[in-house]
Amino acid sequence: VNFTNQSRFAKSHVWLFGDGAFSADANPEHDYTEGDYEVQYVAINGCGTDTMTTRISIGVKPTAAFMANKTSGCAGYEVQFDNQSLAGNQYEWFFPGGVPTSSTEASPAVRYPAKGKYDVQLIVRNAFYSDTLTRSDYIEVRSKPEADFSVQVTGFKAFFTDQTIDGNNFIWDFGNGKASFNRNPEIDYGVEGEFNVRLIVQNPCGTDTVFRKVAIYLVPKVNFSAST
């Protein structure tokens, strides 16, 4: 800490730093350890002395830092947070969407029951300062897929459009012994009829299946003859 003498008419100086050390310099410098100190300054000249006392706090500002063992997973998964903060001894966590939603533990575990992206915030404190770290959308929670599709029929051809939520892999059974792994396939049935189409969708969190009947019928062509 650098001290600056702002007294008037002083001929000599005495500094008492509050930790047992002292100095007679006009503008001294002193090294402290962390803590609270009462500093006394005495200005002296031939006419007398004058004294000023003040308190100072010496501390290291903490640095908030953390990591998670797994930042994405399926609904219901648990995250173990690793507090990597420096110079702190009090911790306040906030976990929107998590269970619990907050914690004062150093390195808590949190469960996330619902799909979504969630922020995580850590506030680190010591006796003198605080620091805050917020990671936006740090946790991503996924759920099993919700299978769905639409179909458009033109002649004998059927064009399928996937409308699944959160699907990664797609298995189509067109109801005529043929299959596809494309996301948006098409097929030429070649004949009229009704076909039970099944779509199976997978992702790391599970599987979902949807069934739908597809009708393939050509528009009739009108033709007739008459005799009298």
Side-chain angles (χ1 to χ4, degrees), residues 33-36 57-151 160-175 179-185 196-213:
T33 59
E34 189 173 300
D36 293 321
S57 295
I58 304 297
V60 177
K61 183 175 180 179
T63 300
F66 65 85
M67 296 292 290
N69 67 330
K70 190 178 181 182
T71 58
S72 65
C74 302
Y77 90 108
E78 185 173 271
V79 180
Q80 179 63 57
F81 289 93
D82 180 19
N83 189 337
Q84 299 176 335
S85 303
L86 301 175
N89 53 24
Q90 298 178 37
Y91 309 102
E92 192 171 6
W93 295 83
F94 296 96
F95 309 108
V99 179
T101 57
S102 63
S103 176
T104 56
E105 295 181 13
S107 296
V110 181
R111 185 174 62 86
Y112 287 89
K115 174 185 172 182
K117 292 184 178 181
Y118 302 101
D119 300 347
V120 177
Q121 184 179 79
L122 171 61
I123 303 173
V124 182
R125 296 183 176 88
N126 61 24
F128 306 99
Y129 304 104
S130 66
D131 188 38
T132 301
L133 174 62
T134 302
R135 295 186 183 274
S136 299
D137 294 340
Y138 186 60
I139 300 297
E140 181 179 7
V141 182
R142 301 187 65 185
S143 61
K144 63 177 289 187
E146 298 176 27
D148 193 15
F149 69 89
S150 64
V151 60
F160 296 90
T161 301
D162 169 58
Q163 296 179 327
T164 300
I165 298 174
D166 287 338
N168 285 29
N169 302 314
F170 306 89
I171 305 169
W172 296 85
D173 175 359
F174 298 119
S180 174
F181 299 100
N182 294 331
R183 182 171 185 177
N184 298 300
N196 293 315
V197 176
R198 177 176 61 171
L199 171 61
I200 303 171
V201 185
Q202 301 169 329
N203 72 15
C205 297
T207 301
D208 192 29
T209 302
V210 61
F211 294 88
R212 194 154 294 153
K213 183 172 288 189

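Quick note: numbers below take in every heavy atom, side chains included, and nothing from hydrogens, waters or symmetry partners. These numbers were taken from a predicted model, which means no experiment stands behind them.
For Tyr112 against Gly97, the heavy-atom pair with the smallest separation is CD2-O, 3.5 Å. Across all non-hydrogen atoms, the minimal contact from Ala109 to Pro100 is O-CD, 3.9 Å. The two residues Val120 and Ile139 come nearest to each other via the heavy atoms CG2-CG1, 3.9 Å. Across every non-hydrogen atom of Cys74 and Val141, the tightest pair is C-CG1, 4.0 Å. What you find for Pro62 and Ala87 is that their closest heavy atoms are CB-O, 3.5 Å. Among all heavy-atom pairs drawn from Ser72 and Lys70, the shortest one is O-CE, 3.0 Å.
Partners of Gln121 by side chain to side chain donor-acceptor pair (under 3.5 Å), not counting sequence neighbours, listed by chain and number: Thr134. Residues passing the side chain to side chain donor-acceptor pair (under 3.5 Å) test with Glu146, sequence neighbours excluded: none. For Arg212, the side chain to side chain donor-acceptor pair (under 3.5 Å) partners two or more places apart in sequence, or in a different chain, are Asp148. A search for side chain to side chain donor-acceptor pair (under 3.5 Å) contacts involving Asp166 returns Lys115, not counting sequence neighbours.
When atom types are taken as modelled, the side chain of Asp208 and the backbone of Lys144 share no donor-acceptor pair closer than 3.5 angstrom.
Annotation: ring pair (Phe, Tyr, Trp, His ring centres under 6.0 Å) contacts involving residues 60-92, sequence neighbours excluded, comprise Phe66-Trp93, Phe66-Tyr138, Phe81-Trp93, Phe81-Phe95. Pairs passing the disulfide (SG to SG under 2.5 Å) check and including a residue from residues 82-115, sequence neighbours excluded, do not occur.
Salt bridge status for Arg198 with Asp173: present, with a side-chain N to carboxylate O gap under 4.0 Å.
For the pair Val151/Val197, no side-chain contact is recorded, criterion being any heavy-atom separation below 4.5 Å from C-beta on. Annotation: side chain of Ser107 is in contact with side chain of Gln80 (closest heavy-atom distance under 4.5 Å). Between Ser85 and Leu122, the closest side-chain pair of non-hydrogen atoms falls below 4.5 Å. In this structure, the side chains of Arg142 and Asn168 come closer than 4.5 Å at one or more pairs of heavy atoms.
Interatomic distance, Asn169 CG to Ile200 CD1, rounded to the nearest 0.5 Å: 11.5 Å. One finds the CG atom of Asp82 at 9.0 Å from the CG atom of Asn69 (value rounded to the nearest 0.5 Å). Remark: Ile171 CD1 to Leu199 CG distance equals 9.0 Å, nearest 0.5 Å. The distance from atom CD1 of Ile165 to atom OG of Ser143, rounded to the nearest 0.5 Å, is 8.5 Å. Here the CG atom belonging to Asp119 is positioned 12.0 Å from the CZ atom belonging to Arg135, to the nearest 0.5 angstrom. In this structure, OG on Ser57 lies 7.5 Å from OH on Tyr129, to the nearest 0.5 angstrom.
Phe149 and Trp172 have perpendicular rings, their planes meeting at more than 60° on a 0 to 90° scale where under 30° would count as parallel.
Side-chain polar atoms of Thr161 and Asn184 form no donor-acceptor pair below 3.5 angstrom.
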